[in-house]
Amino acid sequence: MLSDTETPLHELCARREVVHYQRRGVTTDGAMLLPCETPVALVYNGIAHTVMMCSPTELEDFAIGFSLSEGIIDSLQDVHDIEQVASCQGIEVHVTLANRCVHRLKEKRRTLTGRTGCGICGSESLDQVVRTLPRLPDSQRLEVTLIDKVLETLRPLQLLGQSTGATHAAVHLDGAGNILAIREDVGRHIALDKLVGHLCRSGRRDGAILVTSRASFEMVQKCASAGIEILLAISAATELAVERAEQTGLTLVGFCRPGRAEIYSGRQRISLG
């Protein structure tokens, strides 16, 4: 299952008139598709927690993935119900949690202002950012040559990205390099949260995740929180991302381009033969 969204592509984009300029002085009037960016409020047991700017699709996956990667829940069993409510300004996603998770949420005392970003910037202490996570198992393997296969397959699947050129994707692939699921969003962290939510709902932890962005600390922590052992990124990794990957035992690979890959950590999971 690549994507279970039922939202038509035209509802995720807006057409706007622009002036096209090309070298040689060619100028024409025309239109472009721009990705919609919608305020999405996550409300837990009646408590407004945060507002994030998202592509308005697969929001249940986003709510579950965000909750898991932020340490609000431990598993899907902690979520009793999810309901989406349209408002005049955006969309509210009401999540009903187990009582112990509500208590944990209140202790976080978060005051985040939503933006196309990570959801970490509003944390009140470093302890809330760098959480203690169990070390990942060592059960997955991936041949480095399969990365080329994934990259060739990926572009036609990025429907929103191809239409607008302004979104990121996160994809789940199996050990044979087959893309099993894709999530797109205007925010790279949101795309990953949506994919993590999908994997949480499906119960899968195998294979690897590839993101069409750099590999930041937050991306590593989100994957480790979900039990994913291999993270591939099209761009570079940050120093803190590599440090966090080493701490959690995650395999981190950056600069995934045709015929190229930089393995930062967890080299035993990547076959070079």
Side-chain angles (χ1 to χ4, degrees), residues 4-5 38-85 90-125 127-134 136 170 172 181 183-205 209 211 216-228 231 244 248 250:
D4 58 6
T5 179
T38 303
V40 175
L42 293 180
V43 182
Y44 295 99
N45 291 47
I47 303 171
H49 179 60
T50 187
V51 179
M52 305 293 282
M53 301 303 296
C54 307
S55 299
T57 182
E58 295 150 337
L59 296 182
E60 288 195 13
D61 283 346
F62 167 55
I64 294 170
F66 179 89
S67 302
L68 183 66
S69 62
E70 288 292 302
I72 296 170
I73 64 173
D74 296 320
S75 68
L76 187 60
Q77 284 66 42
D78 293 329
V79 178
H80 294 168
D81 187 45
I82 299 178
E83 180 183 6
Q84 297 183 39
V85 179
I91 302 172
E92 293 183 356
V93 180
H94 291 258
V95 184
T96 304
L97 299 176
N99 289 334
R100 64 182 183 84
C101 296
V102 177
H103 177 71
R104 181 189 306 174
L105 181 64
K106 290 180 178 179
E107 287 183 339
K108 285 180 175 290
R109 299 174 57 202
R110 305 272 287 211
T111 54
L112 299 179
T113 300
R115 56 179 69 94
T116 305
C118 63
I120 276 182
C121 302
S123 297
E124 293 184 337
S125 71
D127 288 342
Q128 291 181 351
V129 175
V130 186
R131 303 193 315 276
T132 300
L133 295 172
L136 291 165
H172 175 225
R183 295 293 183 268
E184 295 184 271
D185 201 273
V186 290
R188 58 195 175 95
H189 296 87
I190 307 297
L192 180 55
D193 277 332
K194 288 179 176 180
L195 184 64
V196 167
H198 163 74
L199 294 178
C200 183
R201 296 170 77 178
S202 67
R204 299 196 68 156
R205 299 291 187 272
I209 283 179
V211 293
S216 63
F217 160 85
E218 304 97 315
M219 309 290 267
V220 169
Q221 181 152 280
K222 287 177 184 295
C223 288
S225 298
I228 300 298
L231 173 61
R244 190 59 169 150
T248 58
L250 180 137

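For clarity, every value in this text was computed on a predicted model and none was experimentally measured.
Using a 4.5 Å cut-off on side-chain heavy atoms (C-beta onward), T38 and C54 make no contact. Two residues are said to be in side-chain contact when any heavy atoms from C-beta on lie closer than 4.5 Å; H198 and R183 meet this criterion. Residues V79 and L97 have side chains in contact (heavy-atom distance under 4.5 Å, counting atoms from C-beta outward). Considering only heavy atoms from C-beta on, S67 comes within 4.5 Å of Y44 through its side chain. Residues M52 and L42 form no side-chain contact, since every pair of their non-hydrogen atoms from C-beta on lies 4.5 Å or further apart. Within the 4.5 Å cutoff, no side-chain heavy atoms of I72 are placed close to those of V95. In this structure, C223 and L250 have side chains that are in contact, with non-hydrogen atoms separated by less than 4.5 Å. Side chains of P56 and V40 form no contact here, defined as non-hydrogen atoms less than 4.5 Å apart.
Listed by chain and number, the residues in a salt bridge (Lys or Arg N to Asp or Glu O under 4.0 Å) with R204 are D206 (sequence neighbours excluded). Here S69 pairs with D193, K222 under the side-chain hydrogen bond (donor to acceptor under 3.5 Å, both in side chains) rule; sequence neighbours left out. Here I47 pairs with V102, K106 under the side chain to side chain contact (heavy atoms under 4.5 Å, CB included) rule; sequence neighbours left out. Applying the side chain to side chain contact (heavy atoms under 4.5 Å, CB included) criterion to V196, with sequence neighbours excluded, gives L68, L192, A226. Every residue two or more places apart in sequence or in another chain was checked for a salt bridge (Lys or Arg N to Asp or Glu O under 4.0 Å) with E92, and none qualifies. Among residues two or more places apart in sequence or in another chain, the side chain to side chain contact (heavy atoms under 4.5 Å, CB included) test is passed with S216 by R188, H189, R214, E218, M219.
Between L199 and S202, the shortest heavy-atom contact is O-OG, 3.1 Å. Annotation for V211 and A170: closest pair CG1-CB, 4.1 Å, computed over non-hydrogen atoms. Nearest heavy-atom pair across V186 and S55 is N-OG, 3.1 Å.
One finds the CD1 atom of I190 at 13.0 Å from the CG atom of L195 (value rounded to the nearest 0.5 Å). Within the model, atoms SG of C101 and CG of D78 stand 3.5 Å from one another, a figure rounded to the nearest 0.5 Å. Interatomic distance, CG of D185 versus CG of L59, reported as 8.5 Å (0.5 Å rounding). Rounded to the nearest 0.5 angstrom, I228 CD1 and R205 CZ are separated by 6.5 Å. Considering CD of E83 and CD of E60, their distance stands at 10.0 Å, rounded to 0.5 Å.
Between R100 and D74 there is a salt bridge, since at least one side-chain N of the basic residue sits less than 4.0 Å from a carboxylate O of the acidic one.
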For this session: Check step by step if side-chain contact (heavy atoms from CB on, under 4.5 Å) holds for E184 and T57.
Result: CA-CA 9 Å; E184 295 184 271; T57 182; over 6 Å; no
